[in-house]
Amino acid sequence: QVQLVESGGGLVQPGGSLRLSCAASGSIFSINAMGWYRQAPGKQRELVATITNGGSPTYAYSVKGRFTISKDGAKNTVYLQMNSLKPEDTAVYYCNGYIRPTWQGGSHDYWGQGTQVTVSS
């Protein structure tokens, strides 16, 4: 069983910063990639940023230059540093991991419970 636990959400004023963390635990043989998605009310879940096991990041156009994804492989943890936050960044942010639980099987998508980020004055 694999668990992803997010932390770091909250309320911040426009222009402010927040840092999200997501730790993967449980039965983990290898992690191919981890990332962040978000879902605003009435909208579909969308990609924010991902990072491969090798450290290559990918960003949504809307967050490029403002958000930075990073990871600590030894801790199976991924971070999302969010700067210059805008009201349109308000959403529930979900951690995703593409993880291989055991050496026998393949990799699967796992999701965290989500953490609320609200950008408002």
Side-chain angles (χ1 to χ4, degrees):
Q1 198 79 340
V2 175
Q3 298 87 35
L4 299 180
V5 179
E6 303 111 331
S7 61
L11 173 64
V12 64
Q13 293 187 341
S17 298
L18 280 176
R19 189 191 195 211
L20 305 182
S21 300
C22 172
S25 63
S27 174
I28 298 174
F29 177 74
S30 64
I31 297 177
N32 300 294
M34 293 185 75
W36 295 92
Y37 290 70
R38 68 186 181 187
Q39 188 167 18
K43 295 189 176 181
Q44 290 190 331
R45 190 174 297 190
E46 63 176 4
L47 169 73
V48 177
T50 63
I51 188 165
T52 67
N53 184 46
S56 297
T58 301
Y59 296 97
Y61 178 80
S62 60
V63 307
K64 271 185 179 179
R66 300 188 297 122
F67 292 9
T68 302
I69 190 169
S70 61
K71 69 182 185 71
D72 184 334
K75 296 181 180 179
N76 290 336
T77 298
V78 64
Y79 306 95
L80 186 68
Q81 178 65 44
M82 305 185 292
N83 299 328
S84 302
L85 282 159
K86 304 175 181 180
E88 50 263 44
D89 294 318
T90 295
V92 177
Y93 284 69
Y94 295 92
C95 177
N96 169 266
Y98 190 57
I99 296 170
R100 187 177 178 187
T102 64
W103 68 270
Q104 301 103 319
S107 298
H108 307 280
D109 273 314
Y110 295 89
W111 294 90
Q113 295 281 63
T115 185
Q116 177 70 46
V117 171
T118 302
V119 185
S120 175
S121 54

Inset, instruction - Kindly indicate whether the side chain of Ser120, heavy atoms from C-beta on, has any atom under 4.5 Å from the side chain of Leu11. - result: yes

Legend entry - Close side-chain approach of Ser70 and Gln81, heavy atoms under 4.5 Å: no

For residues [X] and [Y], report the shortest heavy-atom separation together with the two atoms involved.
| X | Y | value |
| --- | --- | --- |
| Cys95 | Met34 | SG-CE, 3.9 Å |
| Ser17 | Asn83 | OG-OD1, 2.9 Å |
| Glu6 | Tyr93 | OE2-O, 3.9 Å |
| Asn53 | Ile31 | CB-O, 3.3 Å |
| Ser107 | Asn32 | OG-ND2, 2.6 Å |
| Ala49 | Leu80 | CB-CD1, 4.2 Å |

Legend entry - Derivation of the side-chain contact (heavy atoms from CB on, under 4.5 Å) call for Gln113 and Val5: CA-CA 7 Å; Gln113 295 281 63; Val5 179; over 6 Å; no

Legend entry - Pair Val117-Met82, side-chain contact (heavy atoms from CB on, under 4.5 Å): steps then yes or no: CA-CA 10 Å; Val117 171; Met82 305 185 292; 3.9 Å; yes

Starting at [atom1] of [X], measure out to [atom2] of [Y] and round the result to the nearest 0.5 Å.
| X | Y | atom1 | atom2 | result |
| --- | --- | --- | --- | --- |
| Lys64 | Thr58 | NZ | OG1 | 8.5 Å |
| Leu85 | Phe67 | CG | CZ | 5.0 Å |
| Leu4 | Asn96 | CG | CG | 7.5 Å |
| Leu20 | Arg38 | CG | CZ | 11.0 Å |
| Phe29 | Ile99 | CZ | CD1 | 13.5 Å |
| Cys22 | Trp111 | SG | CH2 | 10.5 Å |

Inset, instruction - Determine yes or no for a side-chain-to-main-chain donor-acceptor pair under 3.5 angstrom, with Thr52 supplying the side chain and Ala33 the backbone. - result: no

Inset, instruction - Quick one: do Tyr79 and Asp72 satisfy side-chain contact (heavy atoms from CB on, under 4.5 Å)? Show the steps, please. - result: CA-CA 8 Å; Tyr79 306 95; Asp72 184 334; 4.1 Å; yes

Legend entry - Within 6.0 Å of CD in Glu88, more than 12 heavy atoms from elsewhere: yes

Legend entry - Flag if over 12 foreign heavy atoms under 6.0 Å of CD, Gln1: no

Legend entry - Verdict with reasoning, Ser27 to Thr102, per side-chain contact (heavy atoms from CB on, under 4.5 Å): CA-CA 7 Å; Ser27 174; Thr102 64; 3.9 Å; yes

